2 protein chains.
Amino acid sequence: MKKEITIYDIAKALKVSPATVSRALNEHQSISGRTTKAVKEMAKKMGYRPNILASSLRTKSTKTIGVITPWINRPFISSVISGIEEVANKEGYNVIISQSNDLLRKEVANAKALFASRVDGLIVSLAMETLRFDHFKPFVDRKIPLVFVDRASSNLGTDRIMIDNFEAGYIATRHLIEQGYTRIAHLTGAEHREIYRERKEGYLSALRENNIELNEELIVVSGLSYQEGRESMEKLLDGTLMPQAVFCANDTSAVGVVQCIKKRGLKVPGDIALVGFNDDPIASIIDPPLTTIAQPSEEMGKIAAQQILKKLRNPKLVKSETIVLKSNLVLRSSSVVSKKITIPE
Amino acid sequence: MKKEITIYDIAKALKVSPATVSRALNEHQSISGRTTKAVKEMAKKMGYRPNILASSLRTKSTKTIGVITPWINRPFISSVISGIEEVANKEGYNVIISQSNDLLRKEVANAKALFASRVDGLIVSLAMETLRFDHFKPFVDRKIPLVFVDRASSNLGTDRIMIDNFEAGYIATRHLIEQGYTRIAHLTGAEHREIYRERKEGYLSALRENNIELNEELIVVSGLSYQEGRESMEKLLDGTLMPQAVFCANDTSAVGVVQCIKKRGLKVPGDIALVGFNDDPIASIIDPPLTTIAQPSEEMGKIAAQQILKKLRNPKLVKSETIVLKSNLVLRSSSVVSKKITIPE
DNA sequence: CAAGATGGCGCAATCGATTGCGTAAAATTT
DNA sequence: AAATTTTACGCAATCGATTGCGCCATCTTG
């Protein structure tokens, strides 16, 4: 319909050169105020839209940050994304979000697509499956800023934004021990995913510190989905020793655990106490409300974006940092019998 | 570090023209099999990555579909997105997702950004606030395929993918009536958002058909968030007449309603029965499990993407269709007292 | 064997914006 | 008034891929 209008059209209309139009639109100082104003007015009048493809081609910058996450519908992650978007948009960057569904295959495909799209930076939270990292090599090779959030890898020398998962695991477990439980099970994710390994180490450390003997049977590895949470708990309950408490490495699986326990006619925390991880909204909604570890998710997203922008502005910065944020234990009734806790306001 | 290599570099290495390289890479028939093979091998060997910016600039197609949704973390929507991605990716299209947070301001910003990014097509589910639609005009003017999913507008002559919300509202309400309830409240969204209006019309129709007098007090409008669900229910319970049942226009608010009812020491469905909408995962997890209307969300996403692709392939197709899919009532214990329903497997 | 058909490829323009360098005019200094 | 500096802008190359048109060599056909 309408022909797409370009700086050449504006230039012609104003009898100036395209170079001047380009500079005027970018508020280049070497163009007089009068000309700049005239160009901008004409641009608006003619319905000009800059061709960012041409611009990006020339400047080699797409003003775009790519994001790869396992799932976009998990509360923790979508909150991280909000943080990223807020910071990025404020600086004029667009954000392209993709999800791996915890599959290496899709993570690789996403990485390729974002690389092909020439994103200026990349923020990643790893898929559960991921063990190899060659799909990130192109980014590293071309010095495209790469930041991991939460699910990170220590092998690649990149920025990482996370909490102290060891400490969080330790605190969660110690809390259960303080409530008087000693037979404490742990639902965890794949061992090679650092955050889960560290949460487990924290769990083990708390047990050790309190001279509680570890029983390997009480540790169940899974994808930490709702369904797997239920199945893992089934397994535990069918095992030789019934746990008195369970520390789950995320809330999603903890919710599955609750359902399983209820279905068996048992009570939480009466028969089995529970601690989750992430403080998803459902944690406060489910019956009983879930004690859990809260992470500053949005803050993590903001910082991740800031790290990218920092390196984009100052390419000489190559040293990679690991930024560790505070997490905290949120007490609710799934693990506390003593004081009565009502549904929160 | 590594210099970015182009078709010119490949051309030089192979002593052919860049045109031939370009054609070979695109498997153009006018290039011999031998040359094509040689070019592809050399491309791989030299670590070539096509510059899609240059390509898009020339071809005026970005192979990208934009998506604007209110929230990416709502189960219904993230499932729609999955459907879109599946179809789009299969056809070599990328998907750019953005969220409006139900704010017109952000929806407009998203539309502008996607327009500037020159997406080939746009899929939208409207923000709760949205009343004006001029931000979509640029797309319509340039004949960029535009499809609405779920939260649509009938004013713009564009494709729409949805369920029969009137019928769904009718069925949900009739179900409650069949259970013997007559004082049925309805939590709904902004009246100008068609889907909510139609669900309400269905609700009204069911009441009318059963000669149940409508009481305006029983209809509460809100943003349908969890928090607003709780507040709306507070209001209802503090009102002059207590409802026997509530039909909520989404599950999120229904969950808030459940919490409110529980907090008051009342029972669901004993004191108040409940029907939600969307069949979010939480609907089957919450206690009691929620009767709700299930929408074929992923299917809706797939069809939306297919519509875009169809128009992209055949630009002569301008007639816009409204595709109506089947929804169905999922019975759970929040509305059914007669038969015992256990936690589903 | 000549004429036409076909296959395989190159030339060069093009998409639209950016930018280093150069220069004329205006402003300032001497 | 001449010299110098500053201001404001234009020229033309460039980013990398695509594509209409044309050309030559080989092949087919009468």
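By convention in this document, chain letters (A, B, ...) are assigned in the order of the sequence lines, proteins followed by strands, and residues within each chain are numbered from 1. Predicted, not measured: the structure shown is a model, and the values here were computed from it. All values below come from the heavy atoms of this structure, side chains included, with hydrogens, waters and symmetry mates left out.
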Whether [X] contacts [N] is assessed here as follows: a side-chain N or O lying under 4.0 Å from the phosphate OP1 or OP2. Is that the case?
| X | N | result |
| --- | --- | --- |
| N51(B) | dC15(D) | no |
| Y48(A) | dA17(C) | yes |
| K60(A) | dT18(C) | no |
| S32(A) | dC9(D) | yes |

Is there a donor-acceptor pair under 3.5 Å between the side chain of [X] and the backbone N or O of [Y]?
| X | Y | value |
| --- | --- | --- |
| E298(A) | S79(A) | no |
| D102(B) | M128(B) | yes |
| S125(A) | T69(A) | no |
| N51(B) | A54(B) | yes |

For atom [atom1] of [X] and atom [atom2] of [N], their distance in whole Å:
| X | N | atom1 | atom2 | result |
| --- | --- | --- | --- | --- |
| R23(B) | dG22(D) | CZ | C1' | 11 Å |
| R49(A) | dA17(C) | CZ | C1' | 15 Å |
| Q29(A) | dT7(D) | CD | P | 10 Å |
| I52(A) | dC15(C) | CD1 | P | 19 Å |
| K12(B) | dG10(C) | NZ | P | 14 Å |
| R58(A) | dC15(C) | CZ | P | 17 Å |
| H28(B) | dC21(D) | NE2 | C1' | 13 Å |
| L25(A) | dT19(C) | CG | P | 13 Å |

* Residue met sooner reading DNA chain C from 5', once S22(A) and S17(B) are mapped to nucleotides ->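 The residue mapped nearer the 5' terminus is S17(B).
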* Would you mind telling me which residue lines up with the more 5' stretch of DNA chain C, L57(B) or V21(B), judged by nearest nucleotide? =>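 Taking each residue's closest nucleotide, the earlier one in sequence belongs to V21(B).
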When we call it a touch if two heavy atoms are under 4.0 Å apart, what does [X] touch: a base, just sugar-phosphate, or nothing?
| X | value |
| --- | --- |
| T6(B) | sugar-phosphate |
| S30(B) | base |
| V16(A) | sugar-phosphate |
| T35(B) | sugar-phosphate |

* **Check: F133(B) ring centroid to F148(B) ring centroid under 6.0 Å** =>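 Between F148(B) and F133(B), which both carry aromatic rings, the centre distance is not below 6.0 Å.
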* Asked: Nearest to the side chain of A19(A), which nucleotide is it out of dT19(C), dC9(C), dA17(D)?
  ->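 Minimum distance to the A19(A) side chain belongs to dT19(C).
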* Asked: What nucleotide among dC9(C), dG16(D), dT18(C) has an atom nearest to a side-chain atom of A54(B)?
  ->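 Side chain of A54(B) sits closest to dG16(D).
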* To do: Report yes or no: is there a donor-acceptor pair, N or O only, under 3.5 Å between the side chain of R34(B) and the base of dG7(C)?
  =>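 No pair found.
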* Answer yes when R118(A) and E4(B) have at least one side-chain N-carboxylate O distance shorter than 4.0 Å, and no when they do not. =>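 Counted as a salt bridge, because a side-chain N and a carboxylate O are separated by less than 4.0 Å.
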